[in-house]
Each structure stands twice: as C-alpha cells, then as structure tokens.
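Scroll down for the structure; my scribbles are underneath it.
Whatever order the structure lists ligands and atoms in, that order sets their numbers, starting from 1.
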Amino acid sequence: MVKKYDAIVIGGGVMGGSTAFQLSKKGYKVLVLEKDQLGGKASSAAAGMIGAQVELDPDSPMFHLACKSRKQFPELAVEIKDLTGIDIGFRKNGMLKIAFSNEERGKFLKIIESQQHLGEQVDWLTPEEVIKKEPLLSSSCNGAMYIEGGGQVSAPDFTMGLLKAAAALGTDSREYCEVKGFLREGNRVIGVSTNEGDFYSHSVVVTAGAWTTQLIQGSGLDLKGYPVKGESFSVLTNKPLLTHTIFSSSCYIVPKTSGRLIIGATVKPYSFSRSVSVEGITQLMEDAKFILPAIKEAEWEEAWAGTRPQSLDGLPYLGEHPEWSHLFIANGHFRNGILLSPITGMIMTDLIEGKKTITDVESFRIDRLTRQVK
Ligand code: FAD
Ligand code: GLY
C-alpha cells in the first residue's frame with residue numbers, strides 16, 4: 001500500500017526544519033525530502049544573528065515579522081533541548097551597529113527615535129560609551145546603535161535541532177532525495193516525484209531555499225527569486241575579544257563561545273558558487289582588522305560560502321500557489337532566514353490548516369509581483 005503523508009516538506013534547511021517541527025507538534029505526519037545532506041546549505045553557513053534592527057528597514061513589513069519571530073527563540077531553545085538534547089546556543093548578547101560617518105550617525109539616530117516609539121530597546125551610544133562596552137574596538141568609530149535585545153544562535157545547531165526535534169515527534173526524512181516535479185489531480189497537488197520514486201501527501205511545502213525558483217518553474221509560476229552568495233570565515237582567540245555582536249556597513253563580527261569569532265559576509269548576487277575567493281576573504285579581513293585591530297593576533301579557523309535565497313522586491317514569499325491548491329511556498333528570506341524561521345514555520349502550519357495566520361501575510365503573497373491588477 002502507498003504510504004500517504006499529511007505534508008511533504010521539500011528542503012531540509014532551517015525553513016524546512018521549522019515547518020516540519022511546527023506541523024509535527026500538531027500531530028501531523030511529515031516527510032522532509034532533502035537533495036543533499038540535511039542542514040548543509042545556507043542554513044549552516046549563517047552567522048546566527050537574531051537582529052531585527054541590523055539588516056532590516058524598520059518601515060518594511062518584514063521588520064514586524066522579524067520582531068514576532070524573535071520572540072519565539074527562548075521557548076524554542078527549551079523545546080529543542082528537551083526533545084533532542086541539542087543546545088542551539090541561544091544568547092541575548094546584544095548588538096552594536098557601528099556608525100563611522102556623520103551620515104550613518106544621522107540615519108541611526110532617526111531609526112532609534114522611531115524604534116523607541118515602537119517600544120524597542122534601542123539606544124544611541126557615544127564613541128566613549130561604545131569603547132566602555134567594547135574596549136578593543138577601533139577608536140575611529142563615530143558612535144553606535146545599541147540593540148540590547150539582539151542575540152544569536154548557532155545556526156547549524158539550530159537547524160539540526162529543529163529537524164531532529166521534528167524527527168523526535170514522528171517526522172520522517174530522506175537525504176539525497178531530490179524532488180523533480182509535482183504530482184497532481186487536476187489543479188490539486190497530491191505529492192512529488194523524486195529520484196527515489198513518487199511520494200504522496202495531503203499538502204506539499206516548498207522550502208528549497210535558493211533552488212525554489214527553479215523547482216517551482218515547473219508549475220508555470222515565475223517566482224522572481226535569485227541566489228546571493230555569501231562568504232564568511234572564523235578565527236579563534238585565547239581570550240574573548242568581544243562580548244557583543246558588532247555590525248557595520250562593511251562586515252559583522254559575531255562572538256561565539258570560547259573565543260571563536262565569525263566574520264561575514266560577502267554579498268554576490270546571481271551566484272550559486274560555494275567556492276571561497278581570496279578577494280572575498282581578504283576584503284572581510286581588512287574590514288574586520290579596521291573595526292577590531294586586536295583580531296590580527298587571532299588564529300585562523302576556516303572559511304565557507306552559502307547561497308541566500310532573495311526575492312525581487314526583498315520580501316519573503318509565504319503562501320499557497322495561486323493556481324495549484326495544496327502547494328505552499330516559504331522562500332526568499334535572504335539575509336534573515338535564521339531570524340525569520342520560527343514565525344515562518346508557524347505561518348506555513350496555519351496556512352496548511354486553513355486557519356487565519358498568526359500574523360498578516362498579505363505583503364508576502366506568492367503572486368504579488370506577477371498578479372495582473374484589474
Ligand atoms: P537552505 O538552508 O539553503 O535550505 C534549502 C534546502 O533545500 C537545501 O538543503 C537544498 O539542498 C534543498 N533543496 C533544494 N532543492 C531541492 C529539491 N529539488 N529537492 C530536495 N531538496 C532540495 N540569516 C539570519 O537570520 N542571521 C544570520 O546571521 C545570517 N547569516 C548568514 C550568513 C551567510 C554567509 C549566509 C549565506 C546566510 C546568512 N543568513 C542569516 C541567511 C540564512 O542563512 C538564510 O536566509 C536561510 O538559511 C535560508 O533557509 P532555507 O531553508 O530557505 O534555505
Ligand atoms: N545576515 C547575515 C548575512 O546574510 O550575511
């Protein structure tokens with residue numbers, strides 16, 4: 001007899017893990033299909049910053065989505081630890097978004113004012129106050145936006161934690177199983193075809209990261225998404241050089257445990273390449289040395305690259321396919337997929353259940369860039 005799942009999730013990254021976890025918590029039988037290794041792509045390349053303020057425009061609907069998502073981390077950390085024993089490395093170590101020019105300073109001051117009205121814990125620090133918080137930072141900084149509530153996780157542990165927590169609740173997964181197309185009855189999707197045969201389900205969720213646009217093309221939908229390569233590296237230090245995550249327009253430095261620092265990241269649109277270039281790493285090193293001169297003494301650890309999924313208008317796609325029912329898509333989270341993954345899993349579960357979503361998703365409609373306005 002053919003086994004039928006409640007939901008098939010295509011892609012074993014952080015979005016697939018979060019969606020599978022939320023669905024399995026509700027008792028649904030889920031199958032995650034991953035064409036390579038679980039958690040091996042963008043989600044394990046990420047620095048793990050949970051910082052709504054550092055990379056998002058506060059006027060964007062994504063900012064509000066990010067604030068709601070950020071709130072889920074403390075509970076998720078406990079749930080994952082209880083179900084799997086994995087420590088996702090969740091810490092609220094705070095962030096400093098450094099201004100070097102007067103222009104940046106003016107821009108940050110405006111953002112701080114509007115953020116404070118929204119009740120966010122964001123403050124301006126003078127150069128002297130910055131050095132008090134982080135004595136090893138370059139004295140050439142012109143002040144900083146201090147985001148007390150900003151934090152981090154270990155992105156690879158968080159991603160595998162979600163996938164293993166889903167497995168502990170009954171989710172099946174298959175590695176090296178590539179989805180090639182969708183099975184249909186009329187305009188209703190009933191499963192997927194793969195290199196290992198056909199699998200059937202009530203619903204299908206595409207969380208295939210930067211490969212989603214290509215996969216979904218087979219459904220006649222042009223999702224208007226593209227890959228953006230990002231390179232990073234890490235170093236080890238005997239004594240921790242930083243307490244807070246440092247973010248600047250040129251690079252970021254994220255202090256992990258035991259003196260490890262992650263420095264990222266380059267932004268190269270339209271590239272699926274996972275090679276690490278001398279040019280990319282050299283530039284990041286120069287920028288990091290300028291911000292944190294003491295990093296010169298650090299020991300080299302490793303470098304890597306990942307592929308971020310970006311959409312044409314910078315907003316994620318969250319919703320059901322406009323023409324094929326029971327086919328859902330969560331994609332385009334670009335530089336904030338780790339931060340946005342908890343809320344994304346919850347929204348996809350609401351959509352599959354046909355419920356009102358936990359937060360309004362109109363701005364993230366799948367067909368917003370292709371819809372004909374009548
Ligand atoms: P992925 O993790 O790429 O997962 C998609 C999966 O789908 C892959 O495993 C792929 O193999 C699989 N797949 C694709 N096609 C198929 C198919 N046909 N069949 C089966 N499987 C398929 N975000 C933050 O919030 N904070 C950060 O600090 C941060 N830092 C980053 C640093 C770097 C260098 C990079 C590159 C990204 C960073 N991001 C960060 C962004 C974040 O990593 C991404 O937005 C997020 O990981 C995207 O998750 P995903 O599950 O959509 O994609
Ligand atoms: N959010 C960090 C990055 O994408 O590089």
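Contact annotation: W304 has no heavy atom less than 4.0 Å from any atom of ligand 1. Assignment of A330 to the shell around ligand 1 is not supported, since no heavy atom sits closer than 4.0 Å. Note on ligand 2: Y252 sits in its first shell, one or more heavy atoms being nearer than 4.0 Å. Heavy-atom separations between G40 and ligand 1 are all 4.0 Å or longer.
Contacts between Q152 and ligand 1 below 4.0 angstrom, taking non-hydrogen atoms only, are absent altogether. For S341, no heavy-atom contact with ligand 1 is shorter than 4.0 Å. Looking at L33 against ligand 1, only its backbone comes within 4.0 Å, counting heavy atoms. At a heavy-atom cutoff of 4.0 Å, ligand 1 is contacted by no atom of Y176, backbone or side chain. With a 4.0 Å cut-off on non-hydrogen atoms, I10 touches ligand 1 through its side chain and not its backbone.
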Give the C-alpha distance, both sets of side-chain angles, the deciding distance and a yes or no for side-chain hydrogen bond (donor to acceptor under 3.5 Å, both in side chains) between H64 and T359. CA-CA 9 Å; H64 300 283; T359 182; over 6 Å; no
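By the 4.0 Å N-to-carboxylate-O rule, E34 lies too far from R174 to be salt-bridged with it. Between E353 and K26 a salt bridge is recorded (basic side-chain N to carboxylate O distance below 4.0 Å). The pair E286-K289 meets the salt-bridge criterion, since a charged nitrogen lies less than 4.0 angstrom from a carboxylate oxygen.
In terms of protein heavy-atom proximity, atom 2 (O) of ligand 1 is nearest to S43 OG, 2.5 Å. Of the protein's non-hydrogen atoms, the one nearest atom 4 (O) of ligand 2 is R308 NE, 2.8 Å. Shortest contact from atom 21 (N) of ligand 1 to any protein heavy atom: K35 N, 3.0 Å. Counting only heavy atoms of the protein, atom 31 (C) of ligand 1 lies nearest to A46 CA, 3.3 Å. Nearest protein neighbour of atom 7 (O) of ligand 1, counting heavy atoms only, is G11 CA, 3.2 Å.
Judged by the 6.0 Å distance and 45° axis criteria, K35 is not positioned over the aromatic ring of Y176. Relative to the ring axis of W324, R184 places its NZ or CZ within 45° and under 6.0 Å from the centre.
Near G209, meaning under 4.0 Å from any of its heavy atoms, are these atoms of ligand 1: 5 (C), 52 (O), 53 (O). Per-residue contacts place N336 under 4.0 angstrom from the following atoms of ligand 1 (heavy atoms of the residue considered): 23 (N), 24 (C), 25 (O). For ligand 2, the atoms closer than 4.0 angstrom to any heavy atom of M49 are 1 (N), 2 (C). Short contacts between ligand 2 and A265, defined as distances under 4.0 Å to a heavy atom of the residue, involve ligand atoms 5 (O). Every atom of ligand 1 is numbered from 1 in the order shown, and the set under 4.0 Å from a heavy atom of S232 is 34 (C). Short contacts between ligand 2 and E55, defined as distances under 4.0 Å to a heavy atom of the residue, involve ligand atoms 1 (N), 2 (C), 3 (C). Atoms of ligand 1 found under 4.0 Å from any heavy atom of C177, numbered from 1 in the order shown, are 20 (C). Remark: ligand 1 atoms within the under-4.0 Å shell around heavy atoms of G306 are 36 (C). Listed by number with element, the atoms of ligand 1 under 4.0 angstrom from any heavy atom of A47 are 28 (O), 29 (C), 30 (N), 31 (C), 32 (C). Within the listing of ligand 1, atoms 5 (C), 7 (O) sit less than 4.0 angstrom from a heavy atom of T207.
For ligand 1, one of its N or O atoms has an N or O atom of A42 under 3.5 Å away. Ligand 1 has no N or O atom lying under 3.5 Å from any N or O atom of G39, backbone or side chain. For ligand 1, none of its N or O atoms has an N or O atom of R308 under 3.5 Å away. Any N or O atom pair closer than 3.5 Å counts here, and V179 shares at least one such pair with ligand 1. Of the N or O atoms in K41, one or more lie within a sub-3.5 Å distance of an N or O in ligand 1. Ligand 1 has no N or O atom lying under 3.5 Å from any N or O atom of A45, backbone or side chain.
Y146 and H244 have their aromatic ring centers within a separation under 6.0 angstrom. When ring centroids are compared, F272 and Y226 stay outside the 6.0 Å threshold. Separation of the F73 and F158 ring centroids falls under the 6.0 Å cut-off.
Within the 4.5 Å cutoff, side-chain heavy atoms of E120 are placed close to those of C67. Counting heavy atoms from C-beta outward, P227 and P309 have side chains that stay 4.5 Å or more apart. Side-chain contact between V189 and F328 is absent, with no heavy atoms from C-beta onward closer than 4.5 Å.
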